[in-house]
Amino acid sequence: MIKKTSISSKILIAMALGLLSGSVINVFFNDVTWVQSYLVDGLFYVIGAAFINALKMLVVPLVTFSLICGVCGIGDISILDRIGVKAFVLYILTTGVAIVLALLIAIIVAPGRGFERAATASSFTPTPAPPLTDVLINIVPSNPVNAFAEGNMLQIIFFVIVFAIAMLMCGNIGRELNQLAEKLNEVIMKVVTLVMDVAPVGVFFLMAKTFSEQGFGLIVPMIGYFSCVIAALLLHTFGTFSLLLIFFAKLNPLIFIKKMRSVHIFAFSTASSNATIPITLQAVEQRLGVNNATAAFTIPLGATVNMDGTAIMQGVATVFIANVYAINLGLADYVTVVGMSILASIGTAGVPGVGLIMLAMVFNQVGLPVEGIGLILGVDRLLDMLRTVVNVTGDAVVTCIVARSENELDDSIFNDPEAGVINDVELPHTHVAKHSRL
Ligand code: ASP
């Protein structure tokens, strides 16, 4: 009997093949013009970018309908408040732990000592990071249509929650509208599975493009910095997250990691927590068993405000650049770095490369030369892919903890290895309506 390959195994194979083809092109065909213009900048770029667009296309409608169902499913504004506060506090705490861990590892290993600064002339021009006051003011959209058009996640979350609360207050009209939102949510979830069907192709081309441009050669001179970031990412994922899952979510971390595989692959190949939202939502609800009422709120929120992996990169980068420029950082500076990284991760969306923009803000605050960022630019794409995996894992971990505390986690789904697996068969019915309390 031929065993059906699940879509995430297919994507995994496509990812490995893309990585391999890209690396081969990088080593052997770097100077061959037609390969670069027709393959790398042609075919690879077009299909990869179209695939990312297909993912992004799902984010706004999915978050909107899912969040309406979520808020109406909760049915009680005070519970919504509680979930919001819990998720937000946990997001901040986990990011705090991540950056402290990164700083400790970087201080012990001291990457960048004896690094030849002059050898790598830097050409980084920082994009100014948004001031905190603007970040706060801009949570409230002055024009919701604009917020939806631009995909501004915090503004969308704010507007949809207010809208859904108003629906709850409207009685019958709200109930009817919610039924419609549930149907639309069901359909858009189906679109997610359609996009997943073509994902192996999209992921192959994304990988091939990235690795034909980047290659692995760039990593060698940066090995100290690179391995410190990786060590901290691994420690946070397998240490902090596992402990949180065991003690607060009462879940087996091994099952959790296994069930997050497709989310990890998407986060890695797109380097964007935002673009991964549809996949994270699907996995957290249908594979891990979190009720839509919690996940619809915490996952999009996490994609925007929670970036543990990014904070880790920033911690290590700060110590690395300080070492390279022989600048001594004191305890007060480290405390500033922790605070700034947390604030920076709240105010910026999960899109590729945004971590570097936020790093400029951190450097400014502790008086490190911002052009130092030029030194780590070369390896940033690969690290971006890796830290995005940690970012989305953090979102799912916090979601599980909040769901457990609210009694909104279905252990039978979590423990069922087949739950929510997308083969070539029907996806199980989402469990939105079941919990709706309207
Ligand atoms: N790419 C990351 C994300 O989307 C953010 C970053 O670190 O640049 O989560």
Side-chain angles (χ1 to χ4, degrees), residues 48-49 51-53 55-56 58-60 63 91-92 94-95 98-99 101-102 124 126-130 135 151-154 203 206-207 210 214 225-226 228-230 232-233 236-237 241 260 263-281 283-284 298-318 320 337 340-363 373-374 376-399:
F51 175 64
I52 294 217
N53 275 357
L55 278 175
K56 287 191 189 157
L58 301 170
V59 175
V60 172
V63 169
Y91 282 143
I92 304 284
T94 47
T95 308
I99 176 116
L101 202 69
F124 182 76
T127 319
V135 171
N152 186 323
M153 214 42 72
L154 280 186
V203 166
L206 277 177
M207 286 285 120
T210 306
Q214 301 273 316
Y225 165 71
F226 197 82
C228 264
V229 177
I230 306 260
L233 290 176
H236 192 57
T237 307
F241 288 159
M260 286 288 287
V263 180
H264 289 160
I265 296 170
F266 273 81
F268 185 77
S269 24
T270 60
S272 165
S273 316
N274 266 20
T276 313
I277 288 176
I279 317 300
T280 319
L281 262 181
V284 164
T298 55
I299 292 297
L301 183 72
T304 315
V305 306
N306 183 49
M307 291 182 193
D308 294 4
T310 305
I312 284 173
M313 175 279 283
Q314 293 177 342
V316 178
T318 307
F320 175 70
V337 173
M340 288 310 291
S341 290
I342 293 175
L343 286 180
S345 82
I346 296 174
T348 25
V351 291
V354 78
L356 279 191
I357 298 170
M358 286 143 57
L359 189 62
M361 177 169 144
V362 177
F363 277 17
I373 293 177
I376 53 176
L377 214 55
V379 287
D380 195 66
R381 174 66 193 184
L382 192 53
L383 285 180
D384 193 5
M385 297 158 97
L386 290 166
R387 65 181 183 249
T388 307
V389 171
V390 178
N391 290 347
V392 296
T393 309
D395 301 343
V397 169
V398 167
T399 299

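Numbering of ligands and ligand atoms starts at 1, following listing order. Residues: numbered from 1 along the sequence shown.
- Among residues two or more places apart in sequence or in another chain, the ring pair (Phe, Tyr, Trp, His ring centres under 6.0 Å) test is passed with Phe241 by His236.
- Sorted by first and then second residue, the salt bridge (Lys or Arg N to Asp or Glu O under 4.0 Å) pairs involving residues 270-281 (not counting sequence neighbours) form an empty list.
- Note: Leu101 CG to Asp308 CG = 10.5 Å, rounded to the nearest 0.5 Å.
- Within the listing of ligand 1, atoms 2 (C), 3 (C), 9 (O) sit less than 4.0 angstrom from a heavy atom of Asn391.
- Ligand-side atoms of ligand 1 in range of Gly355: 6 (C), 7 (O), 8 (O), range being under 4.0 angstrom from any heavy atom.
- Under 4.0 Å from ligand 1, not a single heavy atom of Met313 appears.
- Ligand 1 places these atoms under 4.0 Å from at least one heavy atom of Ser273: 3 (C), 4 (O), 9 (O).
- Remark: ligand 1 and Asn274 share no N or O pair separated by less than 3.5 Å (distance only, no angle test).
- Not a single N or O atom of Met307, backbone or side chain, sits closer than 3.5 Å to an N or O atom of ligand 1.
- Shown in contact with Thr310 at under 4.0 Å from a heavy atom are these atoms of ligand 1, numbered in order with element: 5 (C), 6 (C), 7 (O).
- Remark: ligand 1 atoms within the under-4.0 Å shell around heavy atoms of Ser272 are 4 (O).
- Here the OG1-CG distance, from Thr388 to Leu383, works out to 10.0 Å after rounding to the nearest 0.5 Å.
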